[in-house]
Amino acid sequence: MINAHPTRVTILGSTGSIGRSTLEVIRRYPDRFEVVGLAAHANIELLTRQAAEFHPEYVAITGPNATAFNLPPNVELRTGPHALSWLASIPVDVAMCSVVGAAGLRPALAAIDAGNRLALANKEPMVMAGRLIMARALECGVPVIPVDSEHNAIFQCLSGHRVEDVRCIHLTASGGPFQGRSRDSLRSVTPHEATRHPTWDMGAKISVDSATLMNKGLEAIEAMHLFGLPLSKVEIIIHPQSVVHSLVEFRDGSILAHLGVTDMKLPIAFALTWPERVESPMGRLDLTAVRELTFAAPDLNAFPCLGLALEAAAEGGTAPAVLNAANEIAVETFCQGRIGFLDIEEVVRRVLDASAFEPDTDVETVERADALARDAATDICSK
Ligand SMILES: NC(=O)c1ccc[n+]([C@@H]2O[C@H](COP(=O)([O-])OP(=O)(O)OC[C@H]3O[C@@H](n4cnc5c(N)ncnc54)[C@H](OP(=O)(O)O)[C@@H]3O)[C@@H](O)[C@H]2O)c1
């Protein structure tokens, strides 16, 4: 049954890659959606254009240039570090959380507390505090619909099945732009090369994470929390064609796969309209054009960031938050051209080695671990 009233949507991070794709889906179905809120950090120019086109009631800007924003009439604006949580807590049908990094943690919790269905692209909060987020969602009766294509695929494959029947999930990884390259040849990689992904068009941070394979480690942790699985049931498999978006293997030997076009608008549309489906906004996958589907084990020697993430996942507690914070600082510093590509893993390793982990009992503990790890990583990067 199609909703009688438009789905009210807030987009946290509307100026980013996922945020822009979300607005493209909404643009395709103008009668189906109503944009209630938009948020950006620094890209005031694009946010201004988006506000003029989609007429949100509420806008949030977290970065320093908020005063340069020309408000359309009747828009309520909040600025500053708490503006995103304020926007997330305004009642809507779906809150799309598509900011990058740890900045999405409090807003994701605020959306859940307000009873807003969470369409979650922003994986870092799940890595930091996935156990706490999922517990809060369960308590509030709020569905969390994954937007990350792999998790969205697994969510769909699991639908109608019992988690106890899952032998394992297979998270597919394209392998990033440097798949098959020797470790030595990675020393001279530039930020420009690292942000050019072969199959997905994404923001800078996730592109670098894909190049180091840290992204797949973050996704393994995200999957553990989203689906309530132990690390032993999360397998990573390299699949360069990015046609199979992930697979679920059941104990009877059956493997269910999700295939689709390589376009984030597919999982975004799913998350916005769940449990209904709409006509594909980006065409169909031509199966006859799919020449081959290949699968291979990841090379942990060439890409140790994946190994570091799996170690942090096995450690548990605040270890994933420390890993994530160190990685965010290292990637940012790499993108500024101040450290090399292989230094990213070095920074993360050193911060993990120097940290004492605690149980992830509450958000404050996780945030404390995050702050300490950021300081440690910044210190290492500046030497
Ligand atoms: N892109 C993909 O295909 C993809 C796929 C799967 C999962 N994801 C996940 O989705 C999230 C977003 O990725 P993306 O590629 O869309 O990133 P992106 O293009 O870099 O966009 C990030 C968005 O977050 C905002 N932002 C940046 N720093 C912020 C801060 N400190 N506080 C509040 N907002 C902030 C940005 O605002 P300004 O533009 O104003 O700076 C922008 O709207 C990431 O967690 C990523 O891992 C992305």
Side-chain angles (χ1 to χ4, degrees), residues 10-24 37-51 59-66 68-69 78-88 96-108 110 118-128 130 145-153 171-174 176 195 197-210 212 214-219 221-223 226 242 245-246 261-268 270-271 324-325 327-329 331-332 335 370 374:
T10 282
I11 306 172
L12 312 171
S14 61
T15 49
S17 164
I18 294 288
R20 293 192 309 271
S21 294
T22 302
L23 287 172
E24 269 188 61
L38 295 174
H41 186 60
N43 193 343
I44 307 295
E45 194 206 321
L46 179 56
L47 183 63
T48 306
R49 277 191 273 125
Q50 291 177 341
V59 165
I61 304 174
T62 43
N65 302 322
F69 189 62
R78 287 270 174 105
T79 60
H82 303 299
L84 210 52
S85 291
W86 161 76
L87 188 69
M96 167 63 74
C97 191
S98 55
V99 300
V100 63
L105 174 55
R106 288 280 175 175
L118 191 62
L120 189 70
N122 181 206
K123 68 190 75 180
E124 291 86 354
M126 283 303 275
V127 172
M128 299 167 69
I145 314 294
V147 172
D148 224 339
S149 59
E150 296 79 358
H151 305 76
N152 186 271
L171 281 180
T172 53
S174 70
T195 47
H197 195 273
T199 48
W200 295 99
D201 182 14
M202 311 181 288
K205 198 261 176 181
I206 185 176
S207 297
V208 176
D209 284 346
S210 299
T212 60
M214 177 63 89
N215 184 49
K216 217 41 64 176
L218 301 181
E219 287 182 3
I221 301 170
E222 184 186 7
L226 277 169
S242 300
H245 294 147
S246 277
V261 291
T262 312
D263 190 321
M264 286 306 294
K265 290 194 282 303
L266 189 77
I268 289 170
F270 178 91
N324 178 67
N327 182 58
E328 282 193 33
I329 295 293
V331 170
E332 190 184 326
C335 287
D370 171 273
R374 274 169 206 275

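When a residue number appears, it is its place in the shown sequence, counting from 1. Every number for a ligand or one of its atoms is a count from 1 in the order of the listing.
The closest donor-acceptor contact from the side chain of Glu24 to the backbone of Lys265 lies at 3.5 Å or more, if one exists at all. Without hydrogens or angle criteria, Ser98 side chain to Ile18 main chain gives no donor-acceptor distance under 3.5 Å.
By the 4.5 Å heavy-atom criterion applied to side chains, His245 and Asn152 are not counted as neighbours. Counting only heavy atoms from C-beta outward, the side chains of Met128 and Asp370 approach each other to under 4.5 Å.
Looking only at atom types and distance, the side chain of His41 has a donor-acceptor partner in the side chain of Thr62 under 3.5 Å away. In this structure, a donor-acceptor pair under 3.5 Å is present between the side chains of Asn327 and Asp209.
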Does ligand 1 have any N/O pairs with the protein under 3.5 Å, and how far apart?
from     : atom 1 : to     : atom 2 : distance (Å)
ligand 1 : 1 (N)  : Ser17  : OG     : 3.3
ligand 1 : 10 (O) : Ala121 : O      : 3.3
ligand 1 : 15 (O) : Gly203 : N      : 2.8
ligand 1 : 16 (O) : Ser17  : N      : 3.1
ligand 1 : 16 (O) : Ile18  : N      : 2.9
ligand 1 : 19 (O) : Ser17  : N      : 2.9
ligand 1 : 24 (O) : Val100 : N      : 3.4
ligand 1 : 37 (O) : Thr15  : OG1    : 3.2
ligand 1 : 37 (O) : His41  : N      : 3.2
ligand 1 : 39 (O) : Thr15  : OG1    : 2.7
ligand 1 : 40 (O) : Thr15  : OG1    : 3.2
ligand 1 : 40 (O) : His41  : N      : 2.9
ligand 1 : 40 (O) : Ala42  : N      : 2.6
ligand 1 : 40 (O) : Asn43  : N      : 2.7
ligand 1 : 43 (O) : Gly13  : O      : 3.3
ligand 1 : 43 (O) : Thr15  : N      : 3.4
ligand 1 : 43 (O) : Thr15  : OG1    : 2.8
ligand 1 : 43 (O) : Gly16  : N      : 3.1
ligand 1 : 45 (O) : Asn122 : ND2    : 3.3
ligand 1 : 45 (O) : Lys123 : N      : 3.4
ligand 1 : 45 (O) : Glu124 : OE1    : 2.7

